[in-house]
> 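Okay, here's the structure, questions in a sec.
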Number of protein chains: 2
Amino acid sequence: MSKIEPSWDYYRTFLMVLKEGSLSGAARELGLTQPTVGRHVDAMEEMLGFPLFTRSPQGLLPTDAARALQPYAETLAATSAALLRAASGQQDTVSGTVRISASEVIGIEVLPPILAELHAQYPDLTVELSASDAIEDILRQEADIAVRMAVPAQDALVALHIGAVPLGFHAHRRYLDRRGIPETLADLSRHSLIGYDRETAAIRAIIARTPELPEVRFAFKADSNLAQLAAIRAGFGIGICQNALAARDPDILPVLAAGFAMKLETWLVMHENLKTAPRCRVVFDALASGLRTYIRQP
Amino acid sequence: MSKIEPSWDYYRTFLMVLKEGSLSGAARELGLTQPTVGRHVDAMEEMLGFPLFTRSPQGLLPTDAARALQPYAETLAATSAALLRAASGQQDTVSGTVRISASEVIGIEVLPPILAELHAQYPDLTVELSASDAIEDILRQEADIAVRMAVPAQDALVALHIGAVPLGFHAHRRYLDRRGIPETLADLSRHSLIGYDRETAAIRAIIARTPELPEVRFAFKADSNLAQLAAIRAGFGIGICQNALAARDPDILPVLAAGFAMKLETWLVMHENLKTAPRCRVVFDALASGLRTYIRQP
DNA sequence: TCATGGCTATACTTTTATGTATGAGCAAGA
DNA sequence: TCTTGCTCATACATAAAAGTATAGCCATGA
């Protein structure tokens, strides 16, 4: 009856073996040695009563059972990281680590100056940035604060509506000089278009709202919006990006601005638990103000 | 830079010290010794850089910082328990442990026969029952399957609408013989009423929907609906309970059945991850069918 | 007042877990 | 073919964590 619960450290080792695919690799990551990692896996297998990996000289291959347990181990890892972040901000001063999740474009083009100013004000603050759009992140505490383009239907979350980020077609002046300026949406079919690789839910919504959009064949495909932005800047063709980002470069010109308008509703999201944490409050307020300024610029 | 992450076992020990309020108590619960538990706490304090407890000969008092970290430690504990349950069902047969969360009344009055029949069919299945109404339970994986009286606004959850459980005023025949049968809602003010101790969201909703309800003073107050049911059965007075439960006892009679009808919409909820787990499927289906039968009876 | 039973803290011993060193297997490339 | 580089497994030595025993503190109750 008095079965001793196994060490929680086994789960950490197990997760790293899954990620690395080998005992040696996991040992390197964890700062342990290969025999130790092997012993952890052995102990875990013995206590569970079934094998987690099939061993081979090339590494360890996870069994179905191991894959079924992986999400739990990942939650453990995320939670323990969140605990350490929470602990880092327990001093009465604004200090510690705050992990922010945002889309690539926002995280790279918009947030850095906001965060730089914030950090100048609070030098003890460490900021982690994670490029991701998954709402689950914040529920699973993989991030403390998130910039999201969807309403979080979550009771446990604090959500602040920032406003709508306007989007539009844009191209580099160099490209337009060479290929001409399209006048109607239909003209787009004669242009080099920059677009998505896989359809996401957000993209399907835009397509549904814009029936005038011609059937297009993209000349440049990338799931990364950041890569699409880079392609626009490089004069590859016409693509969609945030108006405010395009406006920063006088050589990037809006195209079909009158006939086509889109916007991304934006929210700032935080776990309710963190409302009272000073380090999170400060970052939340700075992001709210910074993002609103970003949205309001012409 | 190469700061070693602390042992995750420290968090387990830390949580138990919080719960027990003493090193010795935590040691007893964990199957460790008091010096070991003390060392874990010391190590954790040293790595965090601030104290977690103020020591005294009477025990350990948590600091504010420790209380702030408690929810994270609890998530860790819940997740590791969920991992072990998931592992328990990894055999190809229907086996292992399933943890069910339901209200006290449902869990004690309705579920046992359903689960008994299920267990007769699958003897290798272990069922854990947790009396709780918090939706978070299932999100935080503190339970595998939950019976809930609210729509779960959660993407990651599978929810099956069971139907509406009819509620009504009831009293024991003995009480009604002695005090008479109320004819209108207003008559209730002359009766001994059994009711809630604190207003919950569900209760406020009912009050808002029923403006005819007189201002009442309860003669018996309990937050536990189970205790209220027991008071009704004991002939203490008039209270609200599920019609189907009252109908089981011929001496419990409905009161004001015509003028007052309420119902609790009921859902069966499961984490999406567990959809494919055989042990959870089986329990989910059995609960769905059993609860629907329960609701349909007159 | 003094014993009892709860608690923590410390010194010491033992057990456990980890690291080190090495061997064997397999794949890729000279 | 034979190295090189990667893997896991094993035997042995060491370091780290656990347990044991005990002392001290502070309540409570006879």
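This one's a predicted model, so the numbers in the text were calculated from it and none came from an experiment. Computed from heavy atoms alone, side chains included, the values below leave out hydrogens, waters and symmetry copies. Letters A, B, ... are given to chains in the order of the sequence lines, protein chains preceding strands, and every chain is numbered from 1.
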> Taking atom C1' of D:dA17 as reference, at what distance in whole Å does atom CG of B:Asp42 sit?
14 Å
> Measure from the side-chain heavy atoms of A:Gln34 and tell me the nearest of C:dG19, D:dA9, D:dA18.
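The listed nucleotide nearest to A:Gln34's side chain is D:dA9.
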> May I ask you to verify whether the side chain of B:Arg39 and the base of D:dA18 hold a donor-acceptor pair under 3.5 Å?
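Yes, a donor-acceptor pair under 3.5 Å.
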> For A:Tyr10 and B:Gly21, find the nucleotide of DNA chain C closest to each by heavy atoms; which residue's nucleotide sits nearer the 5' end?
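Residue closer to the 5' terminus by nearest nucleotide: B:Gly21.
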> Less than 4.0 angstrom between a side-chain N/O of A:His40 and OP1 or OP2 of C:dT18, yes or no?
yes
> Taking the side chain of B:Arg28 as heavy atoms from C-beta outward, which of C:dC7, C:dT20, D:dT7 is closest to it?
C:dC7
> Would you say the side-chain atoms of B:Arg279 pair up with the backbone N or O of B:Val98, donor to acceptor, closer than 3.5 Å?
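No.
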> Nearest-Å distance, CG (B:Asp9) to C1' (C:dT18)?
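In whole Å, C:dT18 C1' lies 15 Å from B:Asp9 CG.
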> Is A:Arg67 atom CZ crowded by more than 12 heavy atoms from other residues, nucleotides or ligands, each under 6.0 Å away?
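More than 12 heavy atoms, drawn from other residues, nucleotides or ligands, come within 6.0 Å of this atom.
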> If you only use heavy atoms from C-beta on, which nucleotide in C:dT8, D:dC8, D:dT20 is closest to the side chain of A:Leu23?
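From the listed options, D:dC8 comes nearest.
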> Counting side-chain heavy atoms from CB outward, which of D:dC8, D:dA21, C:dA27 is closest to A:Gln58?
C:dA27
> Would you mind classifying the nucleic acid contact of A:Gly38 as base, sugar-phosphate or nothing, using non-hydrogen atoms under 4.0 angstrom?
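Answer is nothing: A:Gly38 stays at 4.0 Å or more from every strand.
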> Mind checking the CZ-CG spacing from B:Arg55 to B:Asp42? Nearest 0.5 Å is all I need.
5.0 Å
> CD of A:Glu128: more than 12 outside heavy atoms within 6.0 angstrom?
yes
> Verify the contact: side-chain N or O of B:Arg55 to OP1 or OP2 of C:dA9, cut-off strictly under 4.0 Å; return yes or no.
yes
> Check every atom of D:dA9, D:dA18, D:dT7 against the side chain of B:Thr36 and return the nucleotide holding the closest atom.
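That would be D:dA18.
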> Under 4.0 Å: is that the gap between some side-chain N or O of B:Ser56 and OP1 or OP2 of D:dC26?
no
> Could you check how far CG of A:Leu32 sits from C1' of D:dT14, rounded to whole Å?
16 Å
> Take the protein atom CD of B:Glu20 and the nucleotide atom C1' of C:dC7, then report the distance between them rounded to whole Å.
13 Å
> Is A:Ser22 near enough to D:dT7 that one of its side-chain N or O atoms lies under 4.0 angstrom from OP1 or OP2?
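Yes, within the criterion.
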